[in-house]
There are 2 protein chains.
Amino acid sequence: MKKHLPDWPKTLKRTKPRLKIFAVLEEATEPLSAARIAELTKSPDKKSWYSTVYRVLNTFLEHDLVIKTSVSGSEAQLFEINRKDHHQHYARCEICDQITPIDICPIEEITDSLDGFRVMSHRLELSGVCRHCDEVAKQA
Amino acid sequence: MKKHLPDWPKTLKRTKPRLKIFAVLEEATEPLSAARIAELTKSPDKKSWYSTVYRVLNTFLEHDLVIKTSVSGSEAQLFEINRKDHHQHYARCEICDQITPIDICPIEEITDSLDGFRVMSHRLELSGVCRHCDEVAKQA
DNA sequence: TTCTATGCAAATATTTTGCAACTCT
DNA sequence: AGAGTTGCAAAATATTTGCATAGAA
């Protein structure tokens, strides 16, 4: 599946922290917390970074480069690249809390059935039991 | 339209704070932050309350009475009643707030693609512009 | 050069925890 | 009575802000 990345706005300076954070988000396979991003972007010597991470993320949000995601039942705020063509959806395991990306998005099909309603954004949340925990449960 | 509220688990004590918080969530038309809930539930004299609010919300989460939501706009974590098993989904118009029922539910199809993940609950939210507002907008 | 973003530290805001007193069942 | 909850205060986290300096255009 081809993922479409958002364009970098021409008015946005390409600073080192921004590019680094963008790269980290781009490679991520799941939404990241600010803390995780800070960790993934900091060099061995530097320490704090948090203010920059938050400022960059907020800037990205304003420019629609990223979106805040809600995975119900989780910790702090999570961020992910805003892949315009369709937002990624996730299924969360109620037992191990692991997040599984959902690769198919039903939005087209649904849109067709809506008779004139123009969908601007959508969100799908699944919650249940992942294959692994299910098997463990069966054995017990 | 009949809204189905989650059942109160028999093992959950019906304490005053819990019942109050549940009532507030039940009446809410949008997800609420912990701070907002604290405000809506506190009596004129009492002040802090936060620890109780968070503890109750976490208890509710464990019992699947509520779900956490976060909105791209910003802010902290938001909570709302988990109106389960209700297979009907809706699309909300961003302009007139009117709700359009979605007649098809894609959950089967998605479940099939998940390879072993057992879906216990799901939520689908659409937001956009309804046919009527879209036509009005075109004329302007 | 000029203007904005960064790094750092310090301020806020949010969420969690320990513990004695209190309430449901 | 007994188990589990609340209220309060204080701790731990998470997020934001002020300001001097560094960096991009």
Side-chain angles (χ1 to χ4, degrees), chain A residues 7-25 30-80 97, chain B residues 7-25 30-63 65-80:
Chain A
D7 296 325
W8 193 280
K10 43 263 147 278
T11 56
L12 247 202
K13 281 189 186 172
R14 294 171 177 277
T15 69
K16 213 170 306 177
R18 284 173 180 174
L19 293 170
K20 193 80 211 293
I21 290 171
F22 190 83
V24 162
L25 285 167
E30 56 177 23
L32 302 176
S33 66
R36 186 93 186 90
I37 292 169
E39 184 177 320
L40 291 171
T41 52
K42 85 176 169 209
S43 38
D45 46 315
K46 297 288 181 182
K47 40 177 190 171
S48 185
W49 261 94
Y50 279 83
S51 56
T52 300
V53 170
Y54 281 110
R55 268 186 296 222
V56 168
L57 286 173
N58 283 324
T59 302
F60 282 1
L61 275 177
E62 284 163 18
H63 289 269
D64 285 326
L65 290 179
V66 302
I67 58 174
K68 272 188 191 167
T69 301
S70 82
V71 177
S72 43
S74 79
E75 340 92 42
Q77 311 190 93
L78 304 177
F79 299 82
E80 67 181 305
D97 267 353
Chain B
D7 295 325
W8 193 278
K10 43 266 148 274
T11 56
L12 247 204
K13 282 189 185 171
R14 293 169 178 277
T15 68
K16 215 170 304 177
R18 285 176 179 171
L19 293 170
K20 192 79 211 293
I21 290 172
F22 190 83
V24 162
L25 285 167
E30 54 178 23
L32 302 175
S33 66
R36 187 93 185 90
I37 293 169
E39 186 177 321
L40 291 170
T41 51
K42 85 177 169 209
S43 37
D45 45 315
K46 298 288 181 181
K47 39 180 190 170
S48 185
W49 261 93
Y50 279 85
S51 56
T52 300
V53 169
Y54 281 109
R55 270 187 293 221
V56 168
L57 287 173
N58 283 325
T59 302
F60 282 2
L61 276 176
E62 283 163 19
H63 289 269
L65 292 179
V66 302
I67 59 175
K68 269 188 194 168
T69 304
S70 88
V71 180
S72 275
S74 185
E75 311 167 47
Q77 312 192 91
L78 304 178
F79 300 81
E80 65 183 304

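Convention: sequence-line order gives letters A, B, ...; per-chain numbering from 1. Treat the numbers as computed from the prediction; the structure is a model and nothing was measured.
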Reading DNA chain C from 5' onward, which residue's closest nucleotide shows up sooner: Thr52(A) or Thr52(B)?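 Nearest nucleotide further toward 5': that of Thr52(A).
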
Pick the closest DNA chain C nucleotide for Pro17(B) and for Tyr54(B) by heavy atoms, then say which residue is nearer the 5' end.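 Nearest-nucleotide comparison on DNA chain C picks Tyr54(B).
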
Could you state the atom-to-atom distance from [atom1] of [X] to [atom2] of [N] in whole Å?
| X | N | atom1 | atom2 | value |
| --- | --- | --- | --- | --- |
| Tyr50(A) | dA11(C) | OH | C1' | 17 Å |
| Arg36(A) | dT13(D) | CZ | C1' | 17 Å |
| Ile37(B) | dA13(C) | CD1 | P | 19 Å |
| Lys16(A) | dG7(C) | NZ | P | 9 Å |
| Leu78(B) | dT14(C) | CG | C1' | 13 Å |
| Leu19(B) | dT5(D) | CG | C1' | 13 Å |
| Trp49(B) | dT5(D) | CH2 | C1' | 11 Å |

Whether the side chain of Arg55(B) and the base of dG7(D) hold a donor-acceptor pair under 3.5 Å is what I'd like checked.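 For Arg55(B), whose side chain was compared with the base of dG7(D), there is a donor-acceptor pair (under 3.5 Å).
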
Distance criterion of 3.5 Å, no angle test: do you see the side chain of Arg14(B) paired donor-to-acceptor with the base of dG4(D)?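 No such pair is found, so the answer is no.
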
Tell me if the aromatic rings of Trp8(A) and Phe60(A) count as close, with their centers under 6.0 Å from one another.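 Yes, they do, as the ring centres are separated by less than 6.0 Å.
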
Select one nucleotide: of dC3(C), dT23(C), dT6(D), the one nearest the side-chain heavy atoms of Lys13(A).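 Given the options dC3(C), dT23(C), dT6(D), the side chain of Lys13(A) is closest to dC3(C).
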
Any side-chain N or O of Thr15(A) less than 4.0 Å from the OP1 or OP2 oxygen of dG23(D)?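 No, no such contact exists.
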
Check the phosphate of dT16(D) against Asn58(A), side-chain N and O only, distance under 4.0 Å to OP1 or OP2. Yes or no?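 The answer is yes; a side-chain N or O of Asn58(A) sits under 4.0 Å from OP1 or OP2.
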
Where do Ala34(A) and Val53(A) come nearest, in terms of heavy atoms and distance?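 Between these two residues, the closest heavy atoms are O-CG1, 3.8 Å.
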
